[in-house]
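Comments concern the structure below.
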Number of protein chains: 2
Amino acid sequence: MSRSQAEKALIHEHIVEVAAKRFREVGLNGIGVADVMKEAGRTGGGFYKHFESRDKLVEEAMTCAYKKRKESAAKYINDPSLSLSDFVESYLSERHINNPGSGCAVSALMNDVARSSETVRALFSAEVESQIATMMTLLNDKKPSETRAQAILAICTLAGAVGLARAISDEDLSRELTTVGHTLLKALEA
Amino acid sequence: MSRSQAEKALIHEHIVEVAAKRFREVGLNGIGVADVMKEAGRTGGGFYKHFESRDKLVEEAMTCAYKKRKESAAKYINDPSLSLSDFVESYLSERHINNPGSGCAVSALMNDVARSSETVRALFSAEVESQIATMMTLLNDKKPSETRAQAILAICTLAGAVGLARAISDEDLSRELTTVGHTLLKALEA
DNA sequence: ATTATCTATAGATCTATAGATAATGC
DNA sequence: ATTATCTATAGATCTATAGATAATGC
């Protein structure tokens, strides 16, 4: 019934990954610890040998979601054949809109985070700062003095568009919102 | 102990107003019906003589929040001394960021709505469509063919900025995000 | 008589803990 | 012996309902 410490670490990581996915799908209060454990293939009672509290799971899950997102954003910086417009297209894609569980936690959970602990909000702040840095790298700065302001415009627009597109039931309007990428790119070129 | 039907209607309206405020502050699942009743000066048990279910309260509260927001947006359209930049400044003001309970329900609850019923999402869709129309009126269209795209850019940017600014714990970064208004207005003028 | 509100509570769900079980690791 | 996991449950909270109470309105 018991496991080795190495196995426990893998199980711990798996629980965090399941939570990171489910929290983005149903919100930070949308699933209980017993169900997260169940979906990770464990029983609810074992939870508190892995986490001090539910809040700690939320913190680890957010950190996990941010880390995975950074890894996926890195390819747009490292691959010279990919540019800002590819990133924007991917961020506003139907695939991203329809799969919050594997997508950007910033657009999926900003409202939840606004009502969360200082710790969760601090992790979120660091992630937004990191996303601004990534965006600044993707903007090949014609006007260096405006690069940061442009990066902030891009992030607010993208996060807003995805958040709104997911909330809207009218599929045509939802799709229309994602065309904001073209308007944004035009505005950044000007 | 009982009240007249006229009084009941006033009480009903007051319960909806309390819910509209509290839902925007703590999320659609952040407060129970008993506490809403208590804050409206009633006891929890009377709730179901006013609403068929908790979901119905959410629907009425969202409708109420949208209606009040439309009234407040109307003055930017009707008063010729107020322009788009005044609206943007007000939307991104510290006052709006710090008071979600009396602010725009779209930026405060988009993530919650994305996980809600078809009815709630349909009400949200109509509100976004209405905000696009308002924004189009505020944009004195130099290029009419692009007015709608520009309105969508503005709404995504503003909703995103307010959502992010509320979630971020770093006050300097939060304030910096609200300067996106200048970048947006410049982009719309170009 | 009807009904708006109140008190009380059933039933479901959630966080966290206690104690039992069975494998690890010195 | 230690510990990772399991079963079971205490205590809190939430939606919804039942029955009592007291005012309205024909």
Side-chain angles (χ1 to χ4, degrees), chain A residues 1-62 109 112 115-120, chain B residues 1-62 109 112 115-120:
Chain A
M1 228 173 177
S2 191
R3 311 283 170 133
S4 71
Q5 290 197 357
E7 274 182 302
K8 188 190 181 187
L10 285 174
I11 289 168
H12 184 100
E13 195 185 348
H14 187 224
I15 297 166
V16 172
E17 281 170 0
V18 167
K21 171 172 173 282
R22 299 293 283 127
F23 283 148
R24 276 175 283 180
E25 290 173 349
V26 300
L28 296 181
N29 292 301
I31 186 168
V33 300
D35 282 336
V36 170
M37 291 299 278
K38 194 175 178 184
E39 291 189 28
R42 306 287 134 184
T43 55
F47 180 82
Y48 291 90
K49 291 289 156 73
H50 279 282
F51 305 93
E52 189 186 301
S53 67
R54 189 185 187 284
D55 287 343
K56 293 288 178 189
L57 173 66
V58 173
E59 291 164 19
E60 288 195 36
M62 294 304 280
L109 294 169
D112 293 75
R115 307 164 202 138
S116 294
S117 71
E118 188 60 29
T119 308
V120 170
Chain B
M1 228 177 177
S2 190
R3 312 280 171 138
S4 71
Q5 290 198 357
E7 274 181 302
K8 188 191 180 186
L10 286 173
I11 288 167
H12 184 100
E13 194 185 348
H14 186 225
I15 297 167
V16 172
E17 281 170 0
V18 167
K21 172 172 172 281
R22 299 293 283 127
F23 284 147
R24 276 175 282 180
E25 289 173 349
V26 300
L28 296 181
N29 293 300
I31 187 168
V33 299
D35 282 337
V36 170
M37 291 297 279
K38 194 175 178 181
E39 292 188 28
R42 305 288 134 184
T43 55
F47 179 81
Y48 291 90
K49 291 288 157 76
H50 279 282
F51 306 93
E52 189 187 302
S53 67
R54 188 184 188 283
D55 287 343
K56 292 288 179 190
L57 172 66
V58 172
E59 291 163 20
E60 287 194 37
M62 293 304 280
L109 293 169
D112 293 74
R115 308 165 202 134
S116 293
S117 71
E118 188 61 28
T119 308
V120 170

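Convention: sequence-line order gives letters A, B, ...; per-chain numbering from 1. The structure presented is a predicted model; accordingly, all values stated were derived computationally and were not measured.
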- Rounded to the nearest 0.5 angstrom, the CG-CE distance for A:Leu28 and A:Met62 is 5.5 Å
- Contact check, side chains of A:Arg54 and A:Asn29, non-hydrogen atoms, under 4.5 Å: yes
- Nearest-angstrom distance from the residue atom CE of B:Met37 to P of C:dT5: 7 Å
- Item | For A:Gly27 against A:Leu109, the heavy-atom pair lying closest together | CA-CD2, 3.9 Å
- Is the number of heavy atoms from other residues, nucleotides or ligands under 6.0 Å of B:Gln5 CD greater than 12? no
- Task: List in numerical order all residues of residues 5-15 of chain A for which some heavy atom is under 4.0 Å away from an atom belonging to DNA chain D.
- Result: A:Gln5, A:Lys8, A:Ile11
- Side chains of B:Ile31 and B:Glu25 in contact at under 4.5 Å (non-hydrogen atoms): no
- Task: Give B:Ser4 one of three labels, base, sugar-phosphate or nothing, depending on what nucleic acid heavy atoms sit under 4.0 Å from its own.
- Result: sugar-phosphate
- Gap between atoms CZ and P, on A:Arg42 and D:dT5 respectively (whole Å): 6 Å
- Residues A:Ser117 and A:Glu59: closest non-hydrogen pair is OG-OE2, 4.5 Å
- Query: Between A:Phe51 and A:His12, does a side chain to side chain contact (heavy atoms under 4.5 Å, CB included) hold up when you go through it step by step?
  - Reply: CA-CA 9 Å; A:Phe51 305 93; A:His12 184 100; 3.4 Å; yes
- Let me know the distance between NZ of A:Lys49 and P of C:dT21, rounded to the nearest Å. 15 Å
- Full working for side chain to side chain contact (heavy atoms under 4.5 Å, CB included) between B:Thr119 and B:Val58: CA-CA 10 Å; B:Thr119 308; B:Val58 172; over 6 Å; no
- Query: Can you tell me how far the CG atom of A:Asp112 sits from the CZ atom of A:Phe23, to the nearest 0.5 Å?
  - Reply: 10.0 Å
- Item | From CA spacing to verdict: side chain to side chain contact (heavy atoms under 4.5 Å, CB included), B:His50, B:Lys56 | CA-CA 10 Å; B:His50 279 282; B:Lys56 292 288 179 190; over 6 Å; no
- Structure string for DNA chain C in dot-bracket form, Watson-Crick and G-U at under 3.5 Å, | interchain: ||||||||||||||||||||||||..
- Query: Once each nucleotide of nucleotides 8-17 of chain C is scored for protein heavy atoms under 4.0 Å, what B/S/- sequence comes out, 5' to 3'?
  - Reply: -------SBB
